[in-house]
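Count residues from 1 along the sequence. When reading the values below, keep in mind they use all heavy atoms of this one structure, side chains included, and skip hydrogens, waters and symmetry mates.
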Amino acid sequence: MEGMEKIRVMLADDNQSVLRLLTDFLSRKAEIDVVGAVSDGAAILDAVRESAPDVLVMDIIMPRKDGFMVLEELRSLDGALRPKVIVLTGLSRDDFIMRAISLGAGYYMVKPFDMHVLYSRILEIARESTAVVNVPVEAEALSGSESVEEQITNLFLTLGIPAHIKGYQYLREGVRMVLENHEVINRITKELYPGIARKFGTSASKVERAMRHAIEVAWTRGRLDTVNQMYGYKVFAKDDKPTNGEFIALVADKVGMRMSA
């Protein structure tokens, strides 16, 4: 990477074999400098202060301090010292994902994971912080190796839809419903909205409004170029904000394509 500093990456996992695998794989990447590997949650903050990583790849289940506590501690650091965080864990519960994202995690990846996908996520998240959006994503990252949940989550997070707002949950459920039965997209007011409303104990009109708000948030965050780069062509256009149904259909189509790849 001539003329460009390497991305400083710190790894934190209490599983030594995972640490070794990650260290060996990432150390062979020209863009990355692995500056530390920590297996004790209570040691992460001091290690971050000492090594100043750009990106911290961290498990949630750690001895002495779990990943949520570490994320809270990292918020006390000055912005320039605070690394971007990728959570890499075996915990796939929605409430854990939402909590991690609300505490500042940039990506939430569920084990077992694809090393190439992680590598691409590191490039994306590190370069986003320096306003570089044209991040080339390796073909392996789009191979469908991620779970459906993880693909939807990472696409929404890349777009900038906050995980803690209701529209995020409703849109995710809508995509899942369309993946299970594509015809439901043609019955959005009679079946999709009411189905989501029943699951979350709310009304169809509130589901519709919350989805529209989430899409508006995404379109004001200016990350559409990053998503288009992920797919290699224009998926979303800044001046052409989709309806709820169009957005759900688009995401379901992209995830469906990656599932069948």
Starting at [atom1] of [X], measure out to [atom2] of [Y] and round the result to the nearest 0.5 Å.
{"X": "M211", "Y": "K166", "atom1": "CE", "atom2": "NZ", "answer": "14.0 Å"}
{"X": "I185", "Y": "E246", "atom1": "CD1", "atom2": "CD", "answer": "9.5 Å"}
{"X": "D66", "Y": "D59", "atom1": "CG", "atom2": "CG", "answer": "10.0 Å"}
{"X": "M109", "Y": "L88", "atom1": "CE", "atom2": "CG", "answer": "6.0 Å"}
{"X": "I161", "Y": "I101", "atom1": "CD1", "atom2": "CD1", "answer": "12.5 Å"}
{"X": "M177", "Y": "E191", "atom1": "CE", "atom2": "CD", "answer": "6.0 Å"}

With heavy-atom distances below 4.5 Å as the criterion, would you say the side chains of [X] and [Y] are in contact?
{"X": "I215", "Y": "K241", "value": "yes"}
{"X": "L11", "Y": "L26", "value": "yes"}
{"X": "I7", "Y": "I122", "value": "yes"}
{"X": "V87", "Y": "Y107", "value": "no"}
{"X": "V48", "Y": "R82", "value": "no"}
{"X": "T89", "Y": "V110", "value": "no"}

At their closest point, which heavy atom of [X] faces which heavy atom of [Y], and how far apart are they?
{"X": "M62", "Y": "G41", "result": "CE-N, 3.8 Å"}
{"X": "A105", "Y": "L71", "result": "N-CD2, 4.2 Å"}
{"X": "A214", "Y": "L171", "result": "CB-CD1, 3.8 Å"}
{"X": "P53", "Y": "P83", "result": "O-CB, 3.4 Å"}
{"X": "A47", "Y": "M10", "result": "O-CE, 3.3 Å"}

Next on the checklist: Against the six-membered ring of Y119, is K29 placed for a cation-pi contact (under 6.0 Å from the centre, within 45° of the normal)?
Outcome noted: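 Checked: cation-pi criterion met.
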May I ask you to say whether [X] pairs ionically with [Y], meaning some side-chain N is under 4.0 Å from a carboxylate O?
{"X": "E180", "Y": "R176", "answer": "no"}
{"X": "R75", "Y": "E72", "answer": "no"}
{"X": "R64", "Y": "D40", "answer": "yes"}

Item to check | Pair listing, salt bridge (charged side-chain N to carboxylate O under 4.0 Å, His left out) test, anchored in residues 13-25, at least two apart | outcome: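 Qualifying pairs: D13-K111.
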Checklist entry - Passes side chain to side chain contact (heavy atoms under 4.5 Å, CB included), R49 versus L77? Steps please. => result CA-CA 9 Å; R49 285 192 177 117; L77 297 177; 3.8 Å; yes
Checklist entry - Applying the 4.5 Å side-chain criterion to the ILVMFWY set and letting contacts propagate, would L45 and M69 be lumped into a single cluster? => result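 Different clusters.
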Item to check | salt bridge (charged side-chain N to carboxylate O under 4.0 Å, His left out) against K199, all qualifying residues, sequence neighbours excluded | outcome: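 Expected list: E173.
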Does the [X] side chain pair with the main chain of [Y], one donor and one acceptor, at a distance under 3.5 Å?
{"X": "D33", "Y": "V35", "value": "no"}
{"X": "D78", "Y": "L81", "value": "no"}
{"X": "R8", "Y": "S51", "value": "yes"}

Item to check | Whether F156 and F247 hold their rings parallel, tilted or perpendicular, with breakpoints at 30° and 60° | outcome: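 Ring orientation of F156 relative to F247: tilted.
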Checklist entry - Under 6.0 Å from the CD atom of E50, do we count more than 12 heavy atoms belonging to anything else shown? => result no
Checklist outcome for this item: Quick note, ring pair (Phe, Tyr, Trp, His ring centres under 6.0 Å) partners involving residues 12-36, not counting sequence neighbours, are F25-H116
Next on the checklist: Centre-to-centre under 6.0 Å for F96 and F68, is that the case here?
Outcome noted: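 Yes, close enough.
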Next on the checklist: Do N244 and Y193 pair up side chain to side chain, a donor and an acceptor below 3.5 Å, judged on atom types alone?
Outcome noted: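 The answer is yes; a qualifying pair exists.
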